[in-house]
> 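This is the structure I have questions about; it appears just below.
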Amino acid sequence: MSGGYWTSLAAYLLLFASPVISLDNGLARTPPMGWMNWERFRCNIDCENDPDNCISEKLFTDMADRIAADGWLEAGYDTVCIDDCWMSKTRALNGKLVADPKRFPHGIKWLADYLHSKKVKLGIYEDYGTHTCGGYPGSIDYLELDAQTFAEWGVDELKLDGCYSNTSSMSTGYPLMGRYLNETGRHITYSCSWPAYLLGKPINYSRIAYYCNLWRNYDDIQDSWDSVTNIIDYYATNYDFFGKFNGPGQWNDPDQLIVGDFSLSFEQSKAQFAIWAILAAPLLMSNDLRTISPKAKEILLNKEIIAINQDPLGWQGRRITKNAHTEIWAKPLHDGTVAVVLFNRSTGGTHLHMEVDFNSVGLTGKVSVRDLYAQKDVGVFSESYGTYVNPSGGVVMLKLSAQ
């Protein structure tokens, strides 16, 4: 399996050299990075009793302040995304969307201007159906008007969900919204939930990649290790189905990073971040940046691992070996180096020795090994490199360079 993966790199480059493959808006040339409220804050609209955690302009200005002041922006996390439940339950008389006046008293245009003053971009949420998943007005009969409204407000990214919609019309409706966004003249990154609503049905990823910058294609992440591993397994077993469509301007989106939330151990937090980096996935945190722990912050600000994720080749890495409790994932990089994750899913309570064979990742001769979490060079080795990896989701992430 690994040999075919590495020899297919040339075919990949030929495929993605064609301009007909990607959405023609020049955006998201590397995986988008930022913060999104959904997994951590959901549809909490109780601002009277929970003012610091409800979906309100305060939540998003707070996060933008932290993005700008705490090193996140310099690391690449440049967008704050509003998910569902920001709207009023009805549109204005002229048909336009309206932010909830109590929770967003200044409106979305003011919020966008505030974020832009911090050099932070604003993402927003709508739904292709009659209603959003939370029961707010959908876009199905207002696609062009909503696109114009978002542009007038200064929105930089749109996530278009798919609740309360007819899946048979998504193949025309999602492209239509993309067209309307482009026609506004504003650069708006387009995130589609289109394939996530087609699980179990034929999915034309070539068409999706043509019209969307990024797309959700599996279940929503939950605050649990089981949820993270379910997503990892889905991406591992379905790589041949959609992995080849990943690349500059078009990204498979396994959903948000939950590093810094309640469920993951330190080792599991490192694992999610490492695998998302290997996948060249969007890095959209969903946590509380006001209270995040130093350890979680250190993981998410690891510049060497972010560089793996943001590698301009845009190749989606994959699982190349799987044993009873261990896996090896690998991703080729634009300069001929290779990123590798040694992943130990055993629950036996002790570390296991794992070894990567250099031939399995397309390298021969002497190879320099750097540990990206330890941020140190390990040495130069021939044929293979082995080390111990902690259990229960532990990882060691390496960068391999032929000498």
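We number each residue from 1, following the sequence as shown.
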> Determine whether a donor-acceptor pair (N or O, by modelled atom type, separation under 3.5 Å) exists between the side chain of D100 and the backbone of W86.
no
> Run the salt bridge (Lys or Arg N to Asp or Glu O under 4.0 Å) test against D83 and tell me which residues pass, sequence neighbours left out.
K159
> Which class fits the ring pair W35 and F41: parallel under 30°, tilted 30 to 60°, perpendicular over 60°?
tilted
> Is any side-chain heavy atom of Y234 less than 4.5 Å from a side-chain heavy atom of D219?
no
> Name the orientation class of the two ring planes belonging to Y205 and W215 (parallel below 30°, tilted from 30 to 60°, perpendicular beyond 60°).
tilted
> Salt bridge or not for E157 and K121, using N-O below 4.0 Å?
no
> In Å, rounded to the nearest 0.5 Å, how long is the span from NZ of K303 to CD of Q310?
13.5 Å
> Between R42 and D84 (salt bridge meaning N to carboxylate O under 4.0 Å), is one present in this structure?
no
> Are side-chain heavy atoms of N230 and Y218 found at a separation under 4.5 Å?
yes
> So, R91 and D146, do they make that salt bridge, N to O below 4.0 Å?
yes
> Under a 4.5 Å cut-off applied to non-hydrogen side-chain atoms, are Y128 and W194 in contact?
no
> Quick one: does D156's side chain have a donor or acceptor within less than 3.5 Å of a partner on L122's backbone?
yes
> Is any side-chain heavy atom of I108 closer than 4.5 Å to one of F150?
no
> Using the benzene-type ring in the case of Trp, are the ring centres of Y174 and Y211 under 6.0 Å apart?
no
> For the residue pair G314 and P248, what are the closest heavy atoms and their distance?
CA-CD, 4.3 Å
> If you count heavy atoms of other groups shown closer than 6.0 angstrom to NZ of K89, is the number above 12?
yes
> Between the main-chain N or O of Y136 and the side-chain N or O of T132, is there a donor-acceptor pair closer than 3.5 Å?
yes
> May I ask you to decide whether K119 forms a salt bridge with D78, counting only side-chain N to carboxylate O separations under 4.0 Å?
no
> Is it true that, when you exclude H116 itself, more than 12 heavy atoms of the residues, nucleotides or ligands shown sit nearer than 6.0 Å to its NE2?
yes
> Salt-bridge test for K58 and D62: reply yes if a basic N is under 4.0 Å from a carboxylate O, no otherwise.
yes
> Could you tell me whether E298 atom CD has more than 12 heavy atoms of other residues or ligands within 6.0 Å of it?
no
> Is the closest side-chain heavy-atom distance between W38 and D255 below 4.5 Å?
no
> Taking the side chain as C-beta and beyond, is there a heavy-atom pair between R179 and L176 under 4.5 Å?
yes
> Is there a donor-acceptor contact under 3.5 Å from the side chain of R103 to the main chain of I55?
yes
> Using the side-chain hydrogen bond (donor to acceptor under 3.5 Å, both in side chains) rule, take N166 and S168 through it: C-alpha gap first, then chi angles, then the decisive distance, then the call.
CA-CA 5 Å; N166 185 341; S168 65; 2.6 Å; yes
> Judged by atom type as modelled, is there a donor-acceptor pair below 3.5 Å linking the side chain of E57 to the main-chain atoms of H106?
yes
> For S286, is there any backbone N or O sitting under 3.5 Å from a side-chain donor or acceptor partner on Q256?
no
> How far apart are the C-alpha atoms of R290 and D288, what are their side-chain angles, what is the distance that settles it, and do they pass the salt bridge (charged side-chain N to carboxylate O under 4.0 Å, His left out) test?
CA-CA 5 Å; R290 300 166 297 191; D288 192 337; 2.9 Å; yes
> Can you check whether P282's main-chain N or O pairs, donor with acceptor, with D253's side chain at less than 3.5 Å?
no
> Please check this pair: side chain of E304 against backbone of Q375, looking for a donor-acceptor N/O pair closer than 3.5 Å.
no
> Would you indicate whether H325, at its atom NE2, is surrounded by more than 12 heavy atoms from other residues, nucleotides or ligands within a distance under 6.0 Å?
no
> For F242 and Y235, I'd like to know if the aromatic rings sit close, meaning centre-to-centre distance below 6.0 Å.
yes
> Do N344 and S346 have side-chain atoms, one donor and one acceptor, less than 3.5 Å apart?
yes
> Below 3.5 Å, can you tabulate the donor-acceptor pairs from side chains in residues 390-403 to any protein atom, sequence neighbours excluded?
| from | atom 1 | to | atom 2 | distance (Å) |
| --- | --- | --- | --- | --- |
| N390 | ND2 | E267 | OE2 | 3.0 |
| Q403 | NE2 | S401 | O | 3.2 |

> Would K366 and F381 count as a cation-pi pair here, with the cationic atom under 6.0 angstrom from the ring centre and within 45° of the axis?
no
> Heavy-atom count check: over 12 atoms from other residues, nucleotides or ligands less than 6.0 Å from Y114 OH?
yes
> When you measure from the side chain of R186 to the backbone N and O of G154, does any donor-acceptor pair fall under 3.5 Å?
yes
